[in-house]
Chemist: 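One structure, pasted below without further comment.
Order of the sequence lines fixes the chain letters, A, B, ..., with proteins taken first and strands second; residue numbering starts at 1 for each chain.
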Number of protein chains: 2
Amino acid sequence: MKSDGPCKDCSRINEVLSRVGDRWSVLIVISLGNYGTLRFNELKRNLGISQRMLSLTLRELERDGMVNREYHPTIPPKVEYSLTPLGESIRGPLREIGDWALNNLPAIDEARARYDAQSGLDRESA
Amino acid sequence: MKSDGPCKDCSRINEVLSRVGDRWSVLIVISLGNYGTLRFNELKRNLGISQRMLSLTLRELERDGMVNREYHPTIPPKVEYSLTPLGESIRGPLREIGDWALNNLPAIDEARARYDAQSGLDRESA
DNA sequence: CAGGATCCAGCGCGATACTG
DNA sequence: CAGTATCGCGCTGGATCCTG
């Protein structure tokens, strides 16, 4: 159940991936990276995320030191989110994946089409 | 719901992340990358994955053209999995993330400790 | 406007049992 | 050994309502 066996790093990598791989975390980081600073509802609208998930994810990201939360006690309240240096630092690796994705999605789609076409008929015959 | 709003690439990036971000997909790719070729139960043991998830994930990865499946109709049967060129090509970006993780996990843990310490007491005062 | 609280549906995923 | 089929629970995450 937790026996990542011989692959010790796996657990740590896993840890990070459960954050980095989380669609909302990634999208938020990307958005904040592009826009610099965004307010709660701006993020909400931009990403089409429910405010529950936005709230939860932002708190997690803040907790992890990835985003800054600036609270302005005005009326109405105004909260601005932006990336911390740590948050900035992950943009590179993230972009790598993004680029790979954009470059290889066609290949993937193609592979899928091929796979689906013969839909597992003669797997062993050949 | 589906309104990724202005962020058109987001949906595609999301697509890839739901695969790349999937813990099992990643671990399988990493394992196959390290060992070259592995059999079903070898992967199962190495990763501590249930055979259900392993089966499902492998099929997805095969469908996406990321892994090769070589079936040997011997008795007992023997199936060998390995990375395709496409699968190989994602190892780089993946390693980027992994490296980032290993380098920054301490910073994250630290940030968390700090966050948890003041556990959201004076959020606006200070 | 920013977000907490609640409720609830869906499916992710593990455990188990069976097959070729 | 390499899977498939089934069941069941827990967590994810959206919808909704409410507050400061």
Chemist: Tell me: CG of A:L43 to C1' of C:dC1, nearest whole Å?
Modeler: 13 Å
Chemist: Please examine the side chains of A:I97 and B:L94, heavy atoms only from C-beta on, and report whether any two atoms are closer than 4.5 Å.
Modeler: yes
Chemist: At less than 4.0 Å, is any side-chain N or O atom of A:R23 found next to OP1 or OP2 of D:dG13? Yes or no.
Modeler: no
Chemist: Using only heavy-atom distances, decide whether a donor-acceptor pair under 3.5 angstrom links the side-chain of A:Q51 to the base of C:dG4.
Modeler: yes
Chemist: Whole Å only: how far is the CG atom of B:L54 from the C1' atom of C:dG14?
Modeler: 13 Å
Chemist: Do the charged groups of B:E62 and B:R59 touch, with an N to O distance under 4.0 Å?
Modeler: no
Chemist: Hey, is the main chain of A:S25 close enough, under 3.5 Å, to the side chain of A:D22 for a donor-acceptor pair?
Modeler: yes
Chemist: Given atom CD1 of B:I49 and atom P of C:dG14, what is their separation to the nearest angstrom?
Modeler: 7 Å
Chemist: To the nearest Å, how far apart are B:K78 NZ and D:dA2 C1'?
Modeler: 13 Å
Chemist: Can you tell me if A:S55 touches the phosphate of C:dG3, counting only side-chain N or O atoms and a distance under 4.0 Å to OP1 or OP2?
Modeler: no
Chemist: Give a yes/no answer on whether the side chain of B:T74 brings an N or O atom under 4.0 Å of OP1 or OP2 in D:dC1.
Modeler: no
Chemist: Over how many whole Å does the gap from B:E60 atom CD to C:dC13 atom P extend?
Modeler: 12 Å
Chemist: Do the side-chain N or O atoms of B:Y81 get closer than 4.0 angstrom to the phosphate oxygens (OP1, OP2) of D:dG3?
Modeler: yes
Chemist: To the nearest Å, give me how far apart CD (A:E80) and C1' (C:dC1) are.
Modeler: 13 Å
Chemist: Rounded to whole angstroms, how far apart are NZ on B:K44 and C1' on D:dT4?
Modeler: 14 Å
Chemist: Would you kindly compare B:R52 and A:L56 by the position of their nearest DNA chain C nucleotide and give the one closer to the 5′ end?
Modeler: A:L56
Chemist: Quick one: which of D:dG13, D:dC1, C:dC1 gets closest to the side chain of A:D22?
Modeler: D:dG13
Chemist: D:dA2 P sits how many Å from B:L47 CG, rounded?
Modeler: 14 Å
Chemist: Rounded to the nearest 0.5 Å, how far apart are CH2 of A:W100 and CD of B:E96?
Modeler: 14.5 Å
Chemist: Between CD1 of B:I49 and CD1 of B:I28, what distance do you get to the nearest 0.5 Å?
Modeler: 5.0 Å
Chemist: Choose from C:dC1, C:dG4, D:dA2 the nucleotide whose nearest atom is closest to any side-chain atom of B:V79.
Modeler: D:dA2
Chemist: Check this one for me: any side-chain N or O of A:R39 less than 4.0 Å away from OP1 or OP2 of C:dG3?
Modeler: no
